[in-house]
Amino acid sequence: MRLIFMGTPDFAAPTLVELAARGHDIVAVYTRAPRPAGRGLALQRTPVEREAQRLSLPIHTPKTLKDNSAQEAFRAHNADAAVVVAYGLILPKPVLDAPRLGCFNVHASLLPRWRGAAPINRAILAGDSESGITIMKMDEGLDTGTIAMAERMTIAPDLTAGELHDALSRLGADLMVRVLAAAERGSLQLTPQPQAGVTYAEKVSNAETRIDWTKPWKRVHDCIRGLSPYPGAWFEIGGLRVKALRSTKGEGTGAPGIVLDNKLTVACADGCVRLLRLQRAGRQPMSAEEFLRGMPVEAGTRVT
């Protein structure tokens, strides 16, 4: 098929690579323009732009798609369909209507649950036992389009947001290939989203990232894994700010925030969590054992 691909972050790159590998004619890749990043503030190309350059695909980085010139340039590609994966710009109706078959979006949740910007984080923060990928035909609403295909995935008890992100990005690539194949055959069936069960996945705020040890252990555990590796749930110990990147259910009870043993098991409102992977400010992530070799923490120590 003659396709336009629209995406920006790491999550989108596997779908672009898979579509190219399947022989689709990708006539244009739309992504966000390079931005200053790093200590030297050098311009940083998006993961999708790097893959598009590797594949020798034409790249477009418009600041908006709302003006007539951008919309006319989009229509001029004469695409059968557009594939959209975490692109980052609003697609107005003239853009949505331009491809012959429409615009299809990879969304990292089982719609209508977790519409919006942060479905992966929100699913784990809420303690969901499953997630998945939904491919929808886009309309002008916020993730309200008709469902083309969906596939479920179990969220294991200790799975982090980063691990779910990687698994869903691969699943999204595979599912989009199947959707386009069905569309090409003329056998694709679209189903309206249910009215019941709608939830919204707002961006994670800074205020949500500090660990509250007065919550039940499961809530603390879900906070740690739901924010790992980014932005990272954090706490303070001896005035030092530390990110907790991985945890599991611990053994024992105590006052919230008290370390219960020499293995970084910390008491919560009920039960406790054992911290398995951490990151000190300005350091690389490390295991709890490595952390304790550099900074011993005795039982009875309070973390905040």
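Along the sequence shown, residues are numbered consecutively beginning with 1. Keep in mind that what you see is a predicted model, and the values were worked out from it rather than measured.
Between the side chain of S228 and the main chain of T160, no donor-acceptor pair closer than 3.5 Å is present. Within the 3.5 Å criterion, the main-chain N or O of T248 finds no donor-acceptor partner in the side chain of D158. With R32 contributing its side chain and G88 its backbone, the two residues share a donor-acceptor pair below 3.5 Å. A donor-acceptor distance shorter than 3.5 angstrom exists from the side chain of N121 to the backbone of G226, with no hydrogens or angles considered. Remark: side-chain polar atoms of R225 are not paired, donor with acceptor, to backbone N or O of A161 under 3.5 angstrom. No donor-acceptor pair under 3.5 Å is formed between the side chain of R302 and the backbone N or O of G238.
A single hydrophobic cluster is not seen to contain both L245 and L276; linkage of ILVMFWY side chains at heavy-atom distances under 4.5 Å, directly or through other members, places them apart. L142 and I90 fall into different hydrophobic clusters, where Ile, Leu, Val, Met, Phe, Trp and Tyr residues are linked whenever their side-chain heavy atoms come under 4.5 Å apart, directly or through other members. Hydrophobic cluster membership is shared by L16 and V179, with clusters built from Ile, Leu, Val, Met, Phe, Trp and Tyr side chains linked at under 4.5 angstrom. With hydrophobic clusters built from ILVMFWY side chains whose heavy atoms lie under 4.5 angstrom apart, V297 shares a cluster with L275. Each of L125 and L164 belongs to its own hydrophobic cluster when Ile, Leu, Val, Met, Phe, Trp and Tyr are linked at side-chain heavy-atom distances under 4.5 angstrom.
Taking 4.5 Å as the limit, every side-chain heavy atom of I155 sits out of range of all side-chain heavy atoms of S129. Taking the side chain as every heavy atom from C-beta outward, R210 and T304 approach each other to under 4.5 Å. Using a 4.5 Å heavy-atom cutoff, the side chains of V48 and F5 are in contact. Residues L159 and M153 form a side-chain contact, since some pair of their non-hydrogen atoms from C-beta on lies under 4.5 Å apart. At a threshold of 4.5 Å between non-hydrogen side-chain atoms, the residues L3 and L19 count as touching. Counting heavy atoms from C-beta on, the side chains of I224 and R246 never come closer than 4.5 Å. The shortest side-chain heavy-atom distance between T31 and I59 falls under the 4.5 Å cut-off. Residues M6 and V83 form no side-chain contact, since every pair of their non-hydrogen atoms from C-beta on lies 4.5 Å or further apart.
In summary, R152 and E130 engage in a salt bridge, as defined by a charged side-chain N under 4.0 Å from a carboxylate O. Using a 4.0 Å cut-off between charged side-chain N and carboxylate O, R280 and E290 make no salt bridge. A salt bridge does not link R2 with D80: none of the charged nitrogens is closer than 4.0 Å to a carboxylate oxygen. A salt bridge between K263 and E251 is absent, with no side-chain N of the basic residue lying under 4.0 Å from a carboxylate O of the acidic one. Under 4.0 Å is where a charged nitrogen must lie from a carboxylate oxygen, and between R22 and E18 at least one such pair does.
Distance check, rounded to the nearest 0.5 Å: NZ of K203 to CZ of R122 gives 12.0 Å. Here CG of L171 is found 11.5 Å from CE of M176. Values are rounded to the nearest 0.5 Å. Between atom CZ of residue R283 and atom CE of residue M286 there is a gap of 6.0 Å, rounded to the nearest 0.5 Å. We find the CD1-CG distance between I133 and L168 to be 4.5 Å, quoted to the nearest 0.5 Å. Between D222 atom CG and S247 atom OG the span is 8.5 Å, to the nearest 0.5 Å. Separation of atoms CG (D97) and SG (C103) is listed at 8.0 Å; rounding is to 0.5 Å.
Nearest approach of P99 to A81, heavy atoms of both residues: CB-CA, 3.6 Å. Closest of all the heavy-atom pairs between A233 and L227 is N-CB, 3.8 Å. Shown here for V17 and R54, the closest heavy-atom pair between the two residues is CG2-NH2, 3.9 Å. A pairwise comparison of heavy atoms in F104 and L188 identifies CE2-CD2, 3.8 Å as the closest pair. Across A255 and A267, no two heavy atoms sit closer than the pair O-CB, 3.3 Å. V27 and P58 make their closest contact through O-CG, 3.0 Å (heavy atoms, listed as atom of the first residue, atom of the second, distance).
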Tell me, with the steps shown, if C268 and V273 meet side chain to side chain contact (heavy atoms under 4.5 Å, CB included). CA-CA 7 Å; C268 306; V273 296; 4.3 Å; yes
Give the C-alpha distance, both sets of side-chain angles, the deciding distance and a yes or no for side chain to side chain contact (heavy atoms under 4.5 Å, CB included) between L96 and E140. CA-CA 8 Å; L96 293 171; E140 294 180 88; 3.9 Å; yes
Derivation of the side chain to side chain contact (heavy atoms under 4.5 Å, CB included) call for I237 and V242: CA-CA 7 Å; I237 180 168; V242 179; 4.0 Å; yes
For L65 and L91, what are the C-alpha separation, side-chain angles and deciding distance, and is it a side chain to side chain contact (heavy atoms under 4.5 Å, CB included)? CA-CA 7 Å; L65 294 170; L91 274 59; 4.2 Å; yes
Given salt bridge (Lys or Arg N to Asp or Glu O under 4.0 Å), test E236 with R241 step by step and report yes or no. CA-CA 5 Å; E236 288 187 350; R241 181 164 167 161; over 6 Å; no
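Sparse packing is recorded around CZ of R219, with 12 or fewer heavy atoms of other residues, nucleotides or ligands lying under 6.0 Å away. More than 12 heavy-atom neighbours from other residues, nucleotides or ligands sit within 6.0 angstrom of NZ on K249.
Residues satisfying the ring pair (Phe, Tyr, Trp, His ring centres under 6.0 Å) test with H60, not counting sequence neighbours, are Y30, H77. Qualifying side-chain hydrogen bond (donor to acceptor under 3.5 Å, both in side chains) partners for T64, counting only residues two or more places apart in sequence or in other chains: none. By the ring pair (Phe, Tyr, Trp, His ring centres under 6.0 Å) test, W213 is found to be paired with F235, residues two or more places apart in sequence or in another chain being considered.
Between the side chains of S205 and E208, at least one donor N or O sits under 3.5 Å from an acceptor N or O. Side chain to side chain, D10 and H165 fail the donor-acceptor criterion of an N or O pair below 3.5 Å.
Pairs of residues two or more places apart, or lying in two chains, that qualify as side chain to side chain donor-acceptor pair (under 3.5 Å) and include a residue from residues 253-262 are D261-T265. Counting only residues at least two apart or on different chains, the side chain to side chain donor-acceptor pair (under 3.5 Å) pairs with a member in residues 107-118 are H107-S109, R113-D128, W114-D128, R115-Q193. Residue pairs that meet the side chain to side chain donor-acceptor pair (under 3.5 Å) test with at least one member in residues 166-177, sequence neighbours left out, are D174-R178.
Each of L190, D139, L111 was scored for a side-chain contact (heavy atoms from CB on, under 4.5 Å) with T146, with one residue passing: L190.
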